[in-house]
Amino acid sequence: MAGAARRRDGQVAQERMLEEAMTAIAEDGLATLTMSALAERLGTSGGHILYYFGSKDRLLLEALRWSETQLTVERTELLGRRVTAHRKLALFVELYLPRGPRDPRWTLWIELWARTPSNEPLQAAQQEIDDGWQRDLETLLDKGVRQGRFAADLDVPARASELLALLDGLSTRVVLGQRGAERDVALERARSAAALLIPHL
């Protein structure tokens, strides 16, 4: 029992570090997030954080995974809602896009994308996360096709992949704070593009 308690304490400690890292990114941006700065926010030492994560890259990846796990729960709930396929698709798009220029999840995505080509474990982790979004969007579209809400000949994997790629581009512009790329504008453009890629019947 004592061993189980220690493992649970370690899990809580890691979750607390990841939560605080995401909060710090949202408040001050990624550039100012260092192990020592995070340790100060948590009232601990940089060595204590390194004990759990080993490096800043690993900390950032685990923070992203932690955030995406929460979104996976939201996507599962969305897929189970008793609303039309059109409404589910609109809500899916809304969930995917960043909340604004300081969205910590998307700030991490952009940072880690740049590191992916030379880091195979990071590449595998990012692919796993991407696959989850692709799989759930395909599930949503497949059900819409079966219900007669989307065209029977819809190429579900292709349309899902294309829509996600478009959402990635819009999301990057929102996070970078580009002119004319506010969240509400990006959301409207994303919905328009979704309607063209996946026509409603």
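The model shown is predicted, which means the values in this text are computed figures rather than measured ones.
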Any donor-acceptor N/O pair, Lys88 side chain to Leu79 backbone, under 3.5 Å | yes
Minimum heavy-atom distance Leu97-Ser171, with the two atoms named = CD2-OG, 3.3 Å
Any Arg65 side-chain heavy atom under 4.5 Å of Leu18 side chain = no
Would you give the length of the straight line joining atom CD of Glu188 to atom CG of Asp184, rounded to the nearest 0.5 angstrom?
-> 9.0 Å
Tell me, with the steps shown, if Gln14 and Trp66 meet side-chain hydrogen bond (donor to acceptor under 3.5 Å, both in side chains).
-> CA-CA 10 Å; Gln14 289 182 64; Trp66 177 78; over 6 Å; no
Leu91 with Val174, same ILVMFWY side-chain cluster at under 4.5 Å = no
Is it possible for you to say whether Leu95 and Leu89 belong to one hydrophobic cluster, with membership spreading through side-chain heavy-atom contacts below 4.5 Å?
-> yes
Determine whether Leu141 and Phe92 make a side-chain contact, defined as any pair of heavy atoms from C-beta on separated by less than 4.5 Å.
-> no
Less than 4.5 Å apart, any side-chain heavy atom of Glu62 and any of Met17?
-> no
Shortest non-hydrogen contact from Thr32 to Ala37?
-> O-CB, 3.9 Å
Straight-line distance of Thr139 OG1 to Arg75 CZ, nearest 0.5 Å | 10.0 Å
CZ (Arg99) with more than 12 external heavy atoms under 6.0 Å | no
Taking all non-hydrogen atoms of both residues into account, name the closest pair between Ala125 and Leu61 and its distance.
-> CB-CD1, 3.8 Å
Any ion pair linking Glu77 and Arg81 (charged N to carboxylate O, less than 4.0 Å)?
-> no
Who passes side chain to side chain donor-acceptor pair (under 3.5 Å) against Arg135, sequence neighbours left out?
-> none
Any side-chain heavy-atom pair of Gln126 and Leu122 under 4.5 Å | yes
Report the distance from atom CZ of Arg105 to atom OH of Tyr96, rounding to the nearest 0.5 Å.
-> 7.5 Å
Side-chain heavy-atom pair Arg41, Thr23 within 4.5 angstrom cut-off = yes
Heavy-atom distance under 4.5 Å between the side chains of Arg183 and Glu94, does that happen here?
-> yes
More than 12 non-hydrogen atoms from neighbouring residues, nucleotides or ligands closer than 6.0 Å to CD on Glu40, yes or no?
-> no
Which atom names give the shortest non-hydrogen contact between Val145 and Ala151, and what distance separates them?
-> CG2-O, 3.6 Å
Separation between CG of Leu64 and CG of Leu59, rounded to the nearest 0.5 Å | 11.0 Å
Using the rule that two of Ile, Leu, Val, Met, Phe, Trp, Tyr join whenever any of their side-chain heavy atoms come within less than 4.5 Å, decide whether Leu170 and Trp113 are in one cluster.
-> yes
If you round to the nearest 0.5 Å, how far is CG of Leu154 from CZ of Arg149?
-> 15.0 Å
Should Leu108 and Met22 be marked as a side-chain contact (heavy atoms from CB on, under 4.5 Å) after you check the CA-CA gap, both sets of side-chain angles, and the distance that decides it?
-> CA-CA 9 Å; Leu108 277 177; Met22 296 297 281; 3.4 Å; yes
So how far is it from Ser45 OG to Tyr51 OH, rounded to the nearest 0.5 Å?
-> 12.0 Å
Closest heavy-atom contact between Val93 and Ala190?
-> CG1-CB, 3.5 Å
Verdict with reasoning, Leu78 to Asp136, per side-chain contact (heavy atoms from CB on, under 4.5 Å) = CA-CA 10 Å; Leu78 169 60; Asp136 285 350; over 6 Å; no
Check: Asp168 and Trp109 side chains under 4.5 Å, non-hydrogen atoms | no
Counting only N and O atoms by type, is there a donor-acceptor contact under 3.5 Å from the side chain of Thr72 to the main-chain atoms of Glu68?
-> yes
Heavy-atom pair of closest approach, residues Ala39 and Gly46 = CB-N, 3.4 Å
In this structure, are over 12 heavy atoms from other groups packed under 6.0 Å from Glu120 atom CD?
-> no
Going through the distances and angles, do Trp133 and Leu71 end up as a side-chain contact (heavy atoms from CB on, under 4.5 Å)?
-> CA-CA 10 Å; Trp133 284 97; Leu71 286 177; 3.9 Å; yes
Residues in salt bridge (charged side-chain N to carboxylate O under 4.0 Å, His left out) with Asp130, at least two apart?
-> none
Just checking, is any N or O donor in the side chain of Glu138 or Gln134 under 3.5 Å from an acceptor N or O on the other one?
-> yes
